[in-house]
J.: 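Handing you this structure, nothing more for now.
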Amino acid sequence: MKEVLYKSTRGNKEPVTASEAILKGLSDDGGLFVPDCIPVLDKTVAQLSRMSYQEVAYEVMKLFLTDFTEEELKACIRNAYDDKFDDEAIAPLTEAGGAYYLELFHGATIAFKDMALSILPHLLTTAAKKNQVKNEIVILTATSGDTGKAALAGFAGVKGTRIIVFYPKNGVSPIQEKQMVTQKGDNTYVVGITGNFDDAQTGVKKLFGDKELAKEMDEAGFQFSSANSINIGRLVPQIVYYVYAYAALFAKGRIAEGEKINVVVPTGNFGNILAAFYAKNMGLPIGKLICASNDNKVLYDFFATGAYDRNREFVLTSSPSMDILISSNLERLIYRIAGNDAVKNKELMDLLAGCGKYEITEEMQAQLEDFYGNYANEEETAAAIKKMYESCGYVIDTHTAVAAAVYGKYKDAVKDDAKTVIASTASPFKFTRSVMNAIDAKYDKMDDFALVDELSKLANVPVPAAIEEIRTAPVIHDRICDKDEMKAVVKNFLQM
């Protein structure tokens, strides 16, 4: 099997192994690690269709993580995809409203981030051993709501690691916040910042690039790594569920081998849809990659015009995990359509950091024909939830509703009848108030946990363990800081 190495999107230094890329998280030059080639699937759809989720995960991940032994990788997969998930399928498909919903919310924190963050701690600690790392690894992450809790749950109690999560104090749902601030574990630290997600993400990137801080930490026996979707150890596990979904559709007789399907992804930081793009480039028969945005429609505008412009009002919506104006993972796609030209890519990223805007060439834009972008506003999102519930009794969360609404627009515009998988990225129980209000305004008078019970009755599904656990859990983390105080907060937690 060909060894896959990882290069930075912003430099032409020597490539690193998969385990080194996972450990570092971000390249020293500020770029993201990308594989030097995208490997091709070496199993047929028929073979994959007879496999469990765990077996499919191994077949996909072995092609990217080539310096992990079979034994190491299988142990990571076994430890990740176990009874933490409340469905044996791990990522079941539900047919509703003329599409197939890929339910990515059956993990410990009921959001799609569990799919990658259940395995990342195991990949990271295995990578540390492989590279003789003696320092304690400090996971530093910014969250728009879901990554934070999923990362906390994944790393809590993992020896040799600590985790610090920054989130926008007024930019996540009440359930999301309660999940984070009640997190147990001596190695966990959660901080609300007085700013939005982009402020948190920019602050974290700045800390990663702080050479003086890195030196101080090394002297104290620490080193940073990332659990954000910029880490290649997050991206590779996400490719798995698209391959698994296609194989599952084939196993159920819903598609013929080689038949193209479309994929719709509610998109914020661009990692989830980039994973689908990688799956397509591995040979998975995907037609259109439908990128669904909310009112923060910076990606929709980019696909429509070729200009990426973050200079706009930041809108707080009912789909907070998508309230993002700097889609970090888009850089990996830009690098690719720039002909893997790190100099050209860096030039564009410097423009984004400086004046907040860049424009790609017509030649680059021509390479984006796999993608279709659109957006759904708040009214359209609520209407999609109500329509889905009233037409077939299926309750979807706000992010999935953005995807459902955009899929409707795509079908109206393109008249494409290809079978379609919609990435259902969170449980409706995570955004109960918005979901219930969309179904009927009368529910707004109820408190959050009464709404949870009402939703359970309405959807005819039990309340997830992740919600039951936080009903009466005490708040453990109540630290709030300004975005300029993040460095001091990190040093304080590490007692430096």
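As the structure is a prediction and not an experimental result, all values here were calculated from the model.
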J.: Measure the shortest side-chain to side-chain distance between Leu48 and Glu59 over non-hydrogen atoms and say whether it is less than 4.5 angstrom.
T.: yes

J.: Please answer whether the main-chain N or O of Lys387 pairs with a side-chain N or O of Ser391 as donor and acceptor at a distance below 3.5 Å.
T.: yes

J.: Any donor and acceptor pair, going by atom type alone, linking the side chain of Thr267 with main-chain N or O of Val265 inside 3.5 Å?
T.: yes

J.: Verify whether one side chain among Asp397 and Thr400 offers a donor that lies under 3.5 Å from an acceptor in the other.
T.: yes

J.: Return the set of residues passing ring-ring contact (aromatic ring centres under 6.0 Å, His included) with Tyr244 (not counting sequence neighbours), or none when no residue passes.
T.: Tyr53

J.: Assess whether side chain to side chain contact (heavy atoms under 4.5 Å, CB included) is satisfied between Asp417 and Lys411, documenting all intermediate values.
T.: CA-CA 7 Å; Asp417 289 329; Lys411 280 191 81 172; 4.1 Å; yes

J.: Is the closest basic N to carboxylate O distance between Asp29 and Lys346 below 4.0 Å?
T.: no

J.: Determine whether Val240 and Met115 make a side-chain contact, defined as any pair of heavy atoms from C-beta on separated by less than 4.5 Å.
T.: no

J.: State the CD1-CG distance between Ile22 and Leu235, to the nearest 0.5 angstrom.
T.: 11.0 Å

J.: Would you say Val264 and Tyr101 make side-chain contact, with heavy atoms under 4.5 Å?
T.: no

J.: Leu333 and side-chain contact (heavy atoms from CB on, under 4.5 Å): which partner among Ile273, Val34, Leu274?
T.: Leu274

J.: Restricting to non-hydrogen atoms, name the atom on Ala111 and the atom on Lys430 that form the minimum distance, rounded to 0.1 Å.
T.: CB-NZ, 3.8 Å

J.: Consider only side-chain N and O atoms of Asn377 and Tyr375, and report whether a donor and an acceptor are under 3.5 Å apart.
T.: no

J.: Do other residues, nucleotides or ligands put more than 12 heavy atoms under 6.0 Å from Lys130 NZ?
T.: yes

J.: Run Thr44 and Phe250 through side chain to side chain contact (heavy atoms under 4.5 Å, CB included) and show every step you take.
T.: CA-CA 11 Å; Thr44 65; Phe250 176 76; over 6 Å; no

J.: Determine the interplanar angle of the Tyr81 and Phe85 rings, folded into 0 to 90°, and report it as parallel if under 30°, tilted if 30 to 60°, perpendicular if over 60°.
T.: tilted

J.: For Ala279 versus Tyr242, what's the shortest heavy-atom pair and its separation?
T.: CB-CB, 4.2 Å

J.: Keeping Gln201 on the side-chain end and Ile326 on the backbone end, is there a donor-acceptor pair under 3.5 Å?
T.: yes

J.: Closest approach of Lys2 and Thr66, non-hydrogen atoms and distance?
T.: O-CG2, 3.4 Å

J.: Give the intermediate values and the outcome of side chain to side chain contact (heavy atoms under 4.5 Å, CB included) for residues Asn437 and Arg433.
T.: CA-CA 6 Å; Asn437 280 352; Arg433 185 164 301 280; 3.7 Å; yes

J.: List in chain and number order the residues that pass side chain to side chain contact (heavy atoms under 4.5 Å, CB included) with Val16, two or more places apart in sequence or in another chain; answer none if no residue qualifies.
T.: Tyr6, Glu20, Ala21, Phe33

J.: Would you please indicate if the ring centroids of Phe277 and Phe371 are separated by under 6.0 Å?
T.: yes

J.: If we count only N and O atoms by modelled type, under 3.5 Å, do the side chains of Asp412 and Tyr407 hold a donor and an acceptor together?
T.: no

J.: Would you check if the side chain of Arg310 reaches a backbone N or O of Ile324 as a donor-acceptor pair within less than 3.5 Å?
T.: no

J.: Any side-chain heavy-atom pair from Arg312 and Asp301 closer than 4.5 angstrom?
T.: yes

J.: Donor-acceptor check, side chain of Gln176 to backbone of Ser173, threshold 3.5 angstrom: yes or no?
T.: yes

J.: State, without any angle test, whether Tyr358 and Asn345 hold a side-chain donor-acceptor pair at a distance under 3.5 Å.
T.: no

J.: Could you measure the distance from the OG atom of Ser424 to the CG atom of Leu93? Nearest 0.5 Å is fine.
T.: 10.5 Å

J.: Walk me through it: do Arg10 and Val343 pass the test side chain to side chain contact (heavy atoms under 4.5 Å, CB included)?
T.: CA-CA 6 Å; Arg10 298 191 195 178; Val343 175; over 6 Å; no

J.: Begin from the C-alpha positions of Ser49 and Lys252 and carry the test side-chain hydrogen bond (donor to acceptor under 3.5 Å, both in side chains) through to its verdict.
T.: CA-CA 9 Å; Ser49 71; Lys252 290 176 180 179; over 6 Å; no

J.: What closest approach, in Å, do Ala338 and Lys344 show between heavy atoms, and which atom pair accounts for it?
T.: CB-CG, 4.0 Å

J.: Would you tell me whether Gln179 and Thr109 have side-chain atoms, one donor and one acceptor, within less than 3.5 Å of each other?
T.: no

J.: Can you measure from CZ (Phe224) to CG (Leu140) and round to the nearest 0.5 angstrom?
T.: 4.5 Å

J.: Between CD1 of Ile385 and CD of Glu390, what distance do you get to the nearest 0.5 Å?
T.: 12.0 Å

J.: Pairs of donor and acceptor atoms involving the side chains of residues 284-296, under 3.5 Å and at least two apart or interchain, shall be tabulated with distances.
T.:
unit_1, atom_1, unit_2, atom_2, d
Lys288, NZ, Glu369, O, 2.3
Asn294, OD1, Asn296, N, 2.9
Asn294, ND2, Thr317, OG1, 3.0
Asn294, ND2, Ser319, O, 3.3
Asn294, ND2, Ser319, OG, 2.9
Asn294, ND2, Asp323, OD1, 2.9
Asn296, OD1, Val315, N, 2.8
Asn296, ND2, Val315, O, 2.7
Asn296, ND2, Asp323, OD1, 3.1

J.: Regarding Thr126 and Glu72, is there a side-chain donor-to-acceptor distance under 3.5 Å anywhere?
T.: no

J.: Do Lys409 and Glu380 come within less than 4.5 Å of each other through their side chains, counting heavy atoms only?
T.: yes

J.: Between the side chains of Ser19 and Asn131, is a donor N or O closer than 3.5 angstrom to an acceptor N or O?
T.: yes

J.: For Lys280 and Asp370, run salt bridge (charged side-chain N to carboxylate O under 4.0 Å, His left out): C-alpha distance rounded to whole Å, both residues' side-chain angles, the deciding distance at 0.1 Å, then the answer.
T.: CA-CA 10 Å; Lys280 179 179 169 96; Asp370 286 344; 3.7 Å; yes

J.: Salt-bridged, Arg50 to Glu55, with N to O below 4.0 Å?
T.: no

J.: Would you kindly say whether Asp198 and Asn196 are connected by a side-chain donor-acceptor distance under 3.5 Å?
T.: no

J.: With side-chain hydrogen bond (donor to acceptor under 3.5 Å, both in side chains) as the criterion, how do Asp341 and Tyr335 come out once you've worked through the C-alpha distance, each side chain's angles and the decisive distance to 0.1 Å?
T.: CA-CA 6 Å; Asp341 183 338; Tyr335 171 79; over 6 Å; no

J.: Counting C-beta onward and ignoring hydrogens, is there a side-chain heavy-atom pair between Val204 and Phe166 closer than 4.5 Å?
T.: yes

J.: To check you understand the geometry: which heavy-atom pair defines the closest contact between Ile119 and Cys76, and what is its length?
T.: CG1-O, 3.8 Å

J.: Looking at Lys62 and Asp42, is any side-chain nitrogen of the basic one under 4.0 Å from a carboxylate oxygen of the acidic one?
T.: yes

J.: Does one side chain, of Arg234 or Asn231, offer a donor that lies under 3.5 Å from an acceptor on the other?
T.: no

J.: So which heavy atom on Leu351 is nearest to which on Lys357, and how close?
T.: CB-O, 3.3 Å

J.: Does the side chain of Ser27 pick up a donor-acceptor pair with the side chain of Lys7 at under 3.5 Å?
T.: no

J.: I'd like to check Tyr308 versus Ile360 (side-chain heavy atoms, cut-off strictly below 4.5 Å). Are they in contact?
T.: no

J.: Could you tell me whether the side chain of Lys43 reaches within less than 4.5 Å of the side chain of Leu41, counting heavy atoms only?
T.: no

J.: Measure from the ring center of Phe112 to the ring center of His399 and say whether it is less than 6.0 Å.
T.: no

